[in-house]
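Since the structure comes first, as structure tokens, the remarks are kept for the end.
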There are 2 protein chains.
Amino acid sequence: MDRPEDNIWMHCSSSSVRRASRQLSQLYDDIIGGIGLRGTQFSLLTQILYGNEPTQKSLAEAMVMDLSALGHTLKPLIRDGLVELVPDEKDRRAKRVRLTDVGSALQADLVEKWREAQSRFDAVLGIEKSEELRRTLAFISSAEFAQAFEKTGKTGD
Amino acid sequence: MDRPEDNIWMHCSSSSVRRASRQLSQLYDDIIGGIGLRGTQFSLLTQILYGNEPTQKSLAEAMVMDLSALGHTLKPLIRDGLVELVPDEKDRRAKRVRLTDVGSALQADLVEKWREAQSRFDAVLGIEKSEELRRTLAFISSAEFAQAFEKTGKTGD
DNA sequence: CAAATATAGTGGTATATGCCAGTAAAATCC
DNA sequence: GGATTTTACTGGCATATACCACTATATTTG
């Protein structure tokens, strides 16, 4: 209908991010998704891999995701045998998330494909803007940002 | 668990955008969502308002969203009487999307709240980085970007 | 220690979003 | 003009994600 520059919605940061999110998920999934895993699932697997057997709680925090949302998202991965939950020794409420061997193998496989997608991204946007963007987005995703956003109340916080 | 800077996932653009998307949806919704509409729905209403009675197809394109996804997303809005679909005169396949009076009124209401959220965002990130970010995201969301991404051969890594 | 409170997860419900397989109405091609 | 192809949408199914209410387990308090 018209180009994004003409679009009033370039004004809304939240919409902008969501829209870009749809586009990138699409693009990355076209490359990564062949095996049947979506980009979100891949990033979850990777986060689990590097997360030192995180509890669901801490995993959710790292993903900036609601705990129950994480739980739901994990279900298909557990069902398909890529991930397992093990009760924490000390705290019987907590369950730690861990990759199965199959999950690890799949993750390793996908890393290669991810690299391809990521390098395309860097190539198209330019490596500098690309890194700058990720820094900015990391800040936006941080707890500091959320706190500042909430405090920046109209008059005296 | 750790700060986002420590996170290997700062390396993935797609995850970064998704994570930021969750954070911002959350933050904006806390301000906008009081009346019961989510940010996504608000941006949809606004896009419809400015879209000159778009067909679902063109609306989906503007939103960088799958057509069927748009259809699903519109359902609750139609059910709640904020939006209506009118068959196109010329092309009987097409249906144009239009705000009802209730929808327009609600949209207008929410614009005020949105402004508050947006100004907080600009305040926390800084207006310049904020605008730069939106420009970058608009580019990422564009068809040009998608084409370039798809064309950029693997040689480029 | 028992009661009150806080924390970690689970399950239900609802929206968000995508893919695929139809259906119906153009548009195109003999 | 009828068969083929393309286009615009619909419906079903699956994942993504959030909120709320509930349960089980810890932690804090009196």
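Quick note on labels: first sequence line is chain A, next is B, and so on, each numbered from 1.
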Problem set entry | Atom pair CZ/CD1 of F121(B) and I140(A) - distance to nearest 0.5 Å | 4.0 Å

Exercise. Out of D88(B), T55(B), N52(B), which residue meets the side chain to side chain donor-acceptor pair (under 3.5 Å) rule with R96(B)?
Worked result: D88(B)

Exercise. What is the distance from CE of M65(A) to P of dG9(C), rounded to the nearest Å?
Worked result: 14 Å

Exercise. What distance separates L110(A) CG from S43(A) OG, expressed to the nearest 0.5 Å?
Worked result: 11.0 Å

Seminar exercise, completed: Which of dA8(C), dT15(D), dC19(C) is nearest the side chain of P76(A)? It is dT15(D)

Problem set entry | Of the listed nucleotides dG12(D), dC19(D), dT10(D), the one nearest the side chain of K95(B) | dT10(D)

Problem set entry | Residue mapping more 5' on DNA chain D - nearest nucleotide basis, Q41(A) or Q26(B) | Q41(A)

Exercise. Listed by chain and number, what are the side-chain contact (heavy atoms from CB on, under 4.5 Å) partners of K129(A), not counting sequence neighbours?
Worked result: L125(A), E132(B), T136(B)

Problem set entry | Base dT17(D) to side chain R22(B), donor-acceptor N/O within 3.5 Å cut-off | no

For this session: Return the nearest nucleotide to the side chain of L67(A); candidates are dA18(D), dT10(C), dA26(C).
Result: dT10(C)

Exercise. Looking at the side chain of A69(A), which of dC19(C), dT7(C), dT17(D) is the nearest nucleotide?
Worked result: dT17(D)

Exercise. Using the ring of each side chain (for Trp, its six-membered ring), is F139(A) parallel, tilted or perpendicular to F145(A), with breaks at 30° and 60°?
Worked result: perpendicular

For this session: Please state how far atom CG in L27(B) lies from atom P in dA18(D), giving the value in whole angstrom units.
Result: 12 Å

Exercise. Could you give the CG-to-C1' distance, from D29(A) to dC20(C), as a whole number of Å?
Worked result: 16 Å

Problem set entry | Rounded distance in Å - CG (L70(B)) to P (dG11(D)) | 14 Å

Seminar exercise, completed: Which of dA8(D), dT17(D), dG11(D) is nearest the side chain of K75(B)? It is dG11(D)

Problem set entry | Donor-acceptor pair under 3.5 Å, S68(B) side chain vs dC19(C) base | yes

Problem set entry | Nearest listed nucleotide, side chain of T40(B), among dA26(D), dG12(C), dT17(C) | dT17(C)

For this session: Using a cut-off of strictly less than 4.0 Å between a heavy atom of the residue and any atom of DNA chain C, enumerate the qualifying residues of residues 78-92 of chain A by number.
Result: none

For this session: Side chain of R38(A) only, please: which of dA16(C), dA8(D), dT15(D) is the nearest?
Result: dT15(D)

Seminar exercise, completed: When every non-hydrogen atom of H72(A) is compared with those of P76(A), the smallest separation belongs to O-CD, 3.3 Å

Problem set entry | d(CG, L77(B); P, dT17(C)) in whole Å | 11 Å

Exercise. How long is the line joining CE of M63(A) and P of dA18(D), in whole Å?
Worked result: 10 Å

Exercise. Counting only distance, no hydrogens or angles, is the base of dG9(C) paired donor-acceptor with the side chain of H72(A) under 3.5 Å?
Worked result: no

Exercise. To the nearest Å, how far apart are D66(A) CG and dA14(C) P?
Worked result: 17 Å

Exercise. Atom CZ of R96(B) to atom P of dA25(C): distance rounded to whole Å?
Worked result: 18 Å

Exercise. According to a 4.5 Å side-chain heavy-atom criterion applied to Ile, Leu, Val, Met, Phe, Trp and Tyr, with indirect links allowed, do L67(B) and V86(B) form part of one hydrophobic cluster?
Worked result: no

Exercise. Okay, side chain of D66(B), backbone of S68(B): is any donor-acceptor separation there less than 3.5 Å?
Worked result: yes

